[in-house]
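Structure record follows, encoded as C-alpha cells.
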Amino acid sequence: MSEPDWDPKSDAVLRDQLAAYDEMRERCPVAYSELLGWSLFRHEDLVRALNDPDTYSNAVSSHRSVPNGTDPPEHTEYRRLIEPYFRTEKMEAFEPRCRAIASNLVRSLLGHGEVEVIGELAQSFAVQVQCAFLGWPADMRQPLRLWMRKNREATLAQDRAAMVEIAREFDGYIDELLGTRRTADAQASQDVTASLLRERVWGRPLRNEEIVSILRNWTVGEIGTISAAVGILVHYFSEHPDLCRRLRAEPSPLPGAIDEVLRIHGPLVANRRITTRPVEIGGRTIGARERISLNWIAANRDGRAFEDAEAFRLDRDPAANLLYGAGIHVCPGAPLARMELRVVMEELLGRTSRLDLVPDKPPTKAVYPASGFATLPMRIE
Ligand code: HEM
C-alpha cells in the first residue's frame, strides 16, 4: 500500500474542485489516494493511458458495466451495436423533441423573478430528454432524479453496499420497462429500449443483464453530465454577457463555444482504469493491478496542452479537448450530448435578454463525484 499524496475528500477539494485539481496537476501530477488509487492529472499522461488500453484496462469492477467496464475484443462488439443509436440522422430526427422540451422549460422560467437553474432547468432538461430518447414514460422522471442523487451520495461515501443496492434498484426499473416491451406489440415498437431487445451480439440475442447495463451506462452518462454541463454553461454565459450578445447575434459559433466552456470547467470529474502490468508514468512507478483515475478536469486545464488554459478561445485545436474522452472508449453519446446542449442554449439565449446571478445568493459548487454547481440561483429575463 502506497502512502497517500492527497485526500480527494478533503475540505479543500470539496470546496473548489477546479482549484484543487489544478494544484495537484502542478504539485503531484501522478498522485496516490486510498479513495481513487493513482490519479493522473496531466493531459499528456491521460492521452498516454487512453491510447494504451492493453496496459490501462477498463475491467475495473466485478460488477458488469457495458460498454465502459469492458476491454477489446468484447468492447469492440458492444461498440458496434451502440454507436448506430447516436448517428447523425438519428440525432436530427430526435432534435425537434429535444427542442420542445428545452423551449417549454425555458418558457416556464420566464417571468418568475428568481429561479434555481440546477433544479428547475438543468436536471429537468437532462431527465426529460433521457426519458424521451429511450422511450420511457414521464413517471420515470422523479425516480431517476432520486436515483442519480443516491448514486452520487453512495459514491462519495464509498458505501459499497449502498452502491450495489442502488444498482439493483435501477435494474428493477429497467426490468419492468423491458417486461412491458416484451409483451404487447414490442416487435412493432420503434423506441430505443424496444430496439435494444432485438439486438444481437456474437450471433445471439443481447441478454437481459447486458441491456440493463447498457441502459444504466447511458443514463449515468447522460443525466449527471448533461445537467452539470447545463449549469456550467448558464453560469459561464451569465458572467460573460459580451459572449452572450455575440452568440445571440450570430449563433453559428455556439457548438464550438460550448465545447470550449466545458473544457475550462469540466462537467465530468474522472473515469477509471486498472493497470495490467507495471508502468512508469509521470516519474512514478505503478505496479500491476493498481487502480487508476483519469482526471478530465485537470487534464483539460493543463497549460502544457492549452496555452493560457483558463482563457476562452475559439481558435484552439478541438482534437486536444478531452471533454468526451479519446481512444476506444471515447464517448459514443457525444453527438447526442452536443445536440442537446446546443438546443438548450439556443432556446435559452434566443428567448432571453439577460442572465444574471442573484447578488446575495451566490451559486454553491457541486462536490465530488459531481462537478459544476449544486445550486445556481439566477434572474432570467
Ligand atoms: C456533456 C455530456 C457528456 C460528457 C462530458 C461525456 C463524457 C464522456 C467521457 C469523457 C467518456 C470516456 C470515459 C472513459 O474513457 O472511461 C464517456 C464515455 C461514455 N459516455 Fe459519455 N459524456 C456525456 C454524455 C453522454 C451521453 C448523452 C451518453 C448516452 C446517452 C453517454 C454515454 C457514454 C457511454 C456509454 C460511455 C462509455 C463508452 C465506452 O466505454 O466505450 N455520454 N463519456
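Quick caveat: nothing in here was measured; it's all calculated off a predicted structure. Order of listing sets the numbers, starting from 1, for every ligand and every atom in it.
- At the shortest separation from atom 20 (N) of ligand 1 among protein heavy atoms lies C331 SG, 3.2 Å.
- Every atom of ligand 1 with a heavy atom of E222 under 4.0 Å away is listed here by number and element: 27 (C).
- Contact annotation for Y78 and ligand 1: no heavy atom of the residue comes within less than 4.0 Å of the ligand.
- Qualifying ring pair (Phe, Tyr, Trp, His ring centres under 6.0 Å) partners for H240, counting only residues two or more places apart in sequence or in other chains: Y236.
- Heavy-atom proximity to F86, at under 4.0 Å, picks out these atoms of ligand 1: 29 (C), 30 (C).
- Placement of I258 and V330 in two distinct hydrophobic clusters is found when ILVMFWY residues are connected by side-chain heavy-atom separations under 4.5 Å, directly or transitively.
- Closest protein heavy atom to atom 6 (C) of ligand 1: Y324 CD2, 3.7 Å.
- Between N68 and ligand 1, a contact under 3.5 Å exists for at least one N or O pair.
- Those atoms of ligand 1 that come under 4.0 Å of a heavy atom in H75, given as number and element, are 39 (C), 40 (O), 41 (O).
- Residues S371 and H265 are in side-chain contact: their nearest non-hydrogen atoms beyond the backbone lie under 4.5 Å apart.
- Using a 4.0 Å cut-off to heavy atoms of A337, the atoms of ligand 1 that qualify are 2 (C), 24 (C).
- The shortest N/O to N/O separation between R79 and ligand 1 falls below 3.5 Å.
- Geometric assessment of K90 against the ring of Y85 yields a positive cation-pi assignment under the 6.0 Å and 45° thresholds.
- Residue contacts with ligand 1 for F133 are absent, since no atom lies close enough (heavy atoms, distance under 4.0 Å).
- Both the backbone and the side chain of L323 come within 4.0 Å of ligand 1, judged by heavy-atom distances.
- Ion pair D22/R301 flagged as a salt bridge, since at least one NZ, NE, NH1 or NH2 atom sits closer than 4.0 Å to an Asp/Glu carboxylate oxygen.
- Aromatic ring orientation, W6 versus Y21: perpendicular (interplanar angle above 60°, classes split at 30° and 60°).
- For atom 39 (C) of ligand 1, the closest heavy atom belonging to the protein is H329 ND1, 3.3 Å.
- Here the side chain of R200 pairs a donor or acceptor atom with the backbone of G203 at under 3.5 angstrom.
- Comment: E307 engages R313 in a salt bridge, judged by a side-chain N to carboxylate O separation of less than 4.0 angstrom.
- Ring geometry for Y78 against W202 counts as perpendicular: the plane angle is over 60°, on a 0 to 90° scale with 30° as the lower cut.
- Atom 28 (C) of ligand 1 has G333 CA, 3.7 Å as its closest protein atom, hydrogens excluded (heavy atom only).
- Taking a cut-off of under 4.0 Å to the non-hydrogen atoms of L268, the atoms of ligand 1 that pass are 7 (C), 8 (C), 9 (C), 10 (C).
- Considering backbone and side-chain N/O of R273, one or more are found under 3.5 Å from N/O of ligand 1.
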Quiz item: Between F133 and F86, does a ring pair (Phe, Tyr, Trp, His ring centres under 6.0 Å) hold up when you go through it step by step?
Solution: CA-CA 10 Å; F133 178 64; F86 302 97; 5.7 Å; yes
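- Nearest to atom 36 (C) of ligand 1 by heavy-atom distance, out of P332, A228, G325, G327, is P332.
- When only non-hydrogen protein atoms are considered, atom 23 (C) of ligand 1 lies nearest to T225 OG1, 3.5 Å.
- Counting only heavy atoms of the protein, atom 24 (C) of ligand 1 lies nearest to G221 O, 3.5 Å.
- A salt bridge between E346 and R342 is present, with a side-chain N of the basic residue lying under 4.0 Å from a carboxylate O of the acidic one.
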